[in-house]
Amino acid sequence: MTLNLFNQFASPYLLGIPLILFATIFPWLLFPSPSSRWLPNRLIAVQTWFSKTFTKQIFTPIGLLGHKWALILTSLMIFLLSINLLGLLPYTFTPTTQLSLNLGLAIPLWLATVLIGFRNQPTAALGHFLPEGTPTPLIPVLIIIETISLFIRPLALGVRLTANLTAGHLLIQLISTATLTLLSLSPLVSSLTFITLLLLTILEIAVAMIQAYVFVLLMSLYLQENT
């Protein structure tokens, strides 16, 4: 039973080819390229509206130097949002339940923000390791603590996204299995369990969107701190 529960998080293979590559590329095929027409179709209009609204909300508190990241973070938001939502469909695979993928996204972007901070404002970047007014005996301890907190940021980003999506998928599978098992034993209880499953599915749709937004929002806060 335990093995069957976690089988859904193993990357599927077809003819020896890992399908995680297809699952990662497929969301981009759903979004059309911008059109030069005066009146674009509804999908392009919604895509443009979402990109403008998201960019305005995320980059308003960030300085002009950080606005160069608008394309990267907006693309990352669309990518994570699409993968998380598509992973809720039956017989699909969610790449963002893999810690390796999430860390592969978090570590390079976090490292880039840190390097930008050390390049553009080295004094302020080093000042984060030692708050002003720190007593002399606490200086070594605070430097160690701040260093650990800095390096744990990308790990927290990846683990948060992985844990929330994994927990949701496990709950959906457990409740759906209970619904099928109770169907022959007690149809009434099975119906109540099915209603719970529907409510949980709605909750997981919200979690999929929120976690994608939180991932990009925290990355923008790290960027704001270093610009």
Side-chain angles (χ1 to χ4, degrees), residues 1-31 47 50-51 54 58 69-115 148-178 197 199-223:
M1 179 66 179
T2 305
L3 181 62
N4 293 335
L5 282 177
F6 288 93
N7 276 347
Q8 60 176 316
F9 303 114
S11 177
Y13 284 80
L14 179 63
L15 300 177
I17 302 175
L19 295 184
I20 187 174
L21 299 176
F22 176 76
T24 305
I25 297 174
F26 181 73
W28 296 112
L29 303 178
L30 301 178
F31 294 95
Q47 179 181 341
F50 174 81
S51 300
F54 175 78
I58 290 292
W69 285 60
L71 181 60
I72 297 176
L73 294 186
T74 304
S75 301
L76 180 63
M77 175 64 187
I78 295 175
F79 175 71
L80 292 176
L81 183 62
S82 304
I83 285 184
N84 292 350
L85 293 178
L86 289 175
L88 294 174
L89 297 175
Y91 303 104
T92 56
F93 173 70
T94 313
T96 43
T97 56
Q98 306 296 310
L99 183 60
S100 57
L101 175 66
N102 296 333
L103 290 180
L105 293 173
I107 292 177
L109 293 175
W110 163 82
L111 184 60
T113 61
V114 173
L115 293 178
I148 293 175
S149 66
L150 176 65
F151 282 97
I152 209 172
R153 284 179 174 181
L155 182 62
L157 277 178
V159 170
R160 180 187 294 107
L161 182 58
T162 303
N164 281 281
L165 295 181
T166 301
H169 283 65
L170 286 176
L171 281 175
I172 288 178
Q173 182 166 355
L174 285 171
I175 295 180
S176 60
T177 303
L197 178 61
L199 296 176
L200 179 62
T201 303
I202 296 174
L203 176 63
E204 282 306 309
I205 293 175
V207 168
M209 294 186 290
I210 291 172
Q211 288 304 316
Y213 177 74
V214 167
F215 189 96
V216 179
L217 177 63
L218 290 177
M219 193 63 65
S220 69
L221 292 178
Y222 300 156
L223 178 65

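Note that this is a predicted model, so its numbers are computed, not measured. Computed from heavy atoms alone, side chains included, the values below leave out hydrogens, waters and symmetry copies.
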Write down the atom of [X], the atom of [Y], and the distance for their closest heavy-atom approach.
| X | Y | value |
| --- | --- | --- |
| P95 | I83 | CD-CG2, 3.4 Å |
| L73 | F54 | O-CE2, 3.8 Å |
| L85 | A208 | CD2-CB, 4.0 Å |
| L157 | M219 | CD1-CE, 3.4 Å |
| E204 | N164 | OE1-O, 4.4 Å |
| L197 | I172 | CD1-O, 3.7 Å |

(message) Using a 6.0 Å cut-off, check whether atom CZ of F151 has over 12 heavy atoms from anything other than its own residue.
(response) no
* Any donor and acceptor pair, going by atom type alone, linking the side chain of S220 with main-chain N or O of L217 inside 3.5 Å? -> yes
Show which side-chain atoms of residues 103-111 pair as donor or acceptor with protein atoms under 3.5 Å away, not counting sequence neighbours.
from : atom 1 : to   : atom 2 : distance (Å)
W110 : NE1    : L150 : O      : 3.4

(message) Once rounded to the nearest 0.5 Å, what's the spacing between atom CD1 of I78 and atom OG of S75?
(response)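 Result: 6.0 Å between the selected atoms.
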Could you tell me the separation between the OG1 atom of T162 and the CG atom of N102, rounded to the nearest 0.5 Å?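 T162 OG1 to N102 CG: 3.5 Å, rounded to 0.5 Å.
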Going by heavy atoms in the side chains, are [X] and [Y] under 4.5 Å from each other?
| X | Y | value |
| --- | --- | --- |
| L76 | F215 | yes |
| L161 | L80 | yes |
| N84 | L165 | yes |
| T166 | L170 | yes |

**Message:** Do H169 and T97 pair up side chain to side chain, a donor and an acceptor below 3.5 Å, judged on atom types alone?
**Reply:**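 No, because no side-chain N or O of H169 sits under 3.5 Å from a partner of the opposite role on T97.
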request  = Please test I205 against L88 for side chain to side chain contact (heavy atoms under 4.5 Å, CB included), starting from the C-alpha separation and ending with a verdict.
outcome  = CA-CA 8 Å; I205 293 175; L88 294 174; 3.7 Å; yes
Quick one: side chain to side chain donor-acceptor pair (under 3.5 Å) pairs with a partner in residues 150-161, sequence neighbours left out?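 Listed once each, the pairs are R153-E225.
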Please lay out, stage by stage, how I58 and Y213 fare under the test side chain to side chain contact (heavy atoms under 4.5 Å, CB included). CA-CA 10 Å; I58 290 292; Y213 177 74; 4.0 Å; yes
